[in-house]
Amino acid sequence: MSFTKKNLPVDVDAIKGFLADDEGEALFEAALNTAGLGPCLEVGSYCGKSTVYLGAACQQKNSIVYAIDHHRGSEEHQLGEEYHDSDLFDEQAQLMDTFKEFRRIMRKANLEDTVIPIVAASKLASTHWSTPLGMVFIDGGHSLDAAMADYRAWAGHVSIGGILAIHDIFPDPTKGGQAPYTIWRLARASGLFEELPTVNTLGLFKRI
Ligand code: MG
């Protein structure tokens, strides 16, 4: 694998977010390899760290990324919670707002011609969706309800040969929350996907 984060148009280490280098590089490779099958879609963009990896790959292939996020933060980002970042809190609205930072990063990374932000809840965005997707990356809310809703909304839209990626897979419950792992197991048991090797905590499947 010749691609590294150094090939990206921005310094990803300076972008707020929760994605390891090897996971980002695996997202880039998956997006590059599936761009010919249809657009890429991610659920849970936050400040755009993963979007930069996906976007850079899709830009190379003249494809696009739909980046879905309500930009109000997940459960763990809310005021008083473990991963709250006060820089991303809108004092006037008294709500999280990661969209401003997301837009700044997309502009800085020259990805405004490739990334289509959808500022809405994932389930709402999926209501009338019918476009087959080359790749789906699920990294939204980590409650069981949120993860299940994302899986049900999007897994069925992956084209044959396309990739389903799910972030934060922790088979050991002492290492992390179990909701992403629950939908990972659903995907594995569905008969729709071939399991690919997991990269760090990034679960990967190919649609068969
Ligand atoms: Mg994540």
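Counting starts at 1 for both ligands and their atoms, in listed order. Note that the structure is a prediction, hence the values are computed from the model and not measured.
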Enquirer: Phe102 ring centre to Arg104 NZ or CZ under 6.0 Å, with the angle to the axis within 45°?
Expert: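 Judged by the rule (NZ or CZ under 6.0 Å from the ring centre, within 45° of its axis), Arg104 is not positioned above Phe102.
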Enquirer: Any N/O/S atom, backbone or side chain, of His142 lying under 2.8 Å from the Mg ion (ligand 1)?
Expert: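 Under 2.8 Å: His142 has no N, O or S contact with the Mg ion (ligand 1).
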Enquirer: Let's go through Tyr46 and His77 carefully: what are the C-alpha distance in whole Å and the side-chain angles of both, what is the deciding distance for ring pair (Phe, Tyr, Trp, His ring centres under 6.0 Å) to 0.1 Å, and is it a yes or a no?
Expert: CA-CA 10 Å; Tyr46 197 59; His77 302 133; 4.6 Å; yes
Enquirer: Just give me the atom name: the N, O or S atom of His167 closest to the Mg ion (ligand 1).
Expert: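 Considering only N, O and S atoms, His167 comes nearest to the Mg ion (ligand 1) through ND1.
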Enquirer: Looking at the rings of Phe89 and His84, which for Trp means the six-membered one, are their centres under 6.0 Å apart?
Expert: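 So the answer is yes for these two rings.
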Enquirer: Taking the six-membered ring for Trp, are Trp184 and Tyr151 ring centroids under 6.0 Å apart?
Expert: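 When the ring centroids of Trp184 and Tyr151 are compared, they turn out to be at least 6.0 Å apart.
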Enquirer: Rounding to 10°, state the angle centred on the Mg ion (ligand 1) that links OD1 in Asp139 with OD2 in Asp168.
Expert: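 Here the angle at the metal atom is close to 100°, to 10°.
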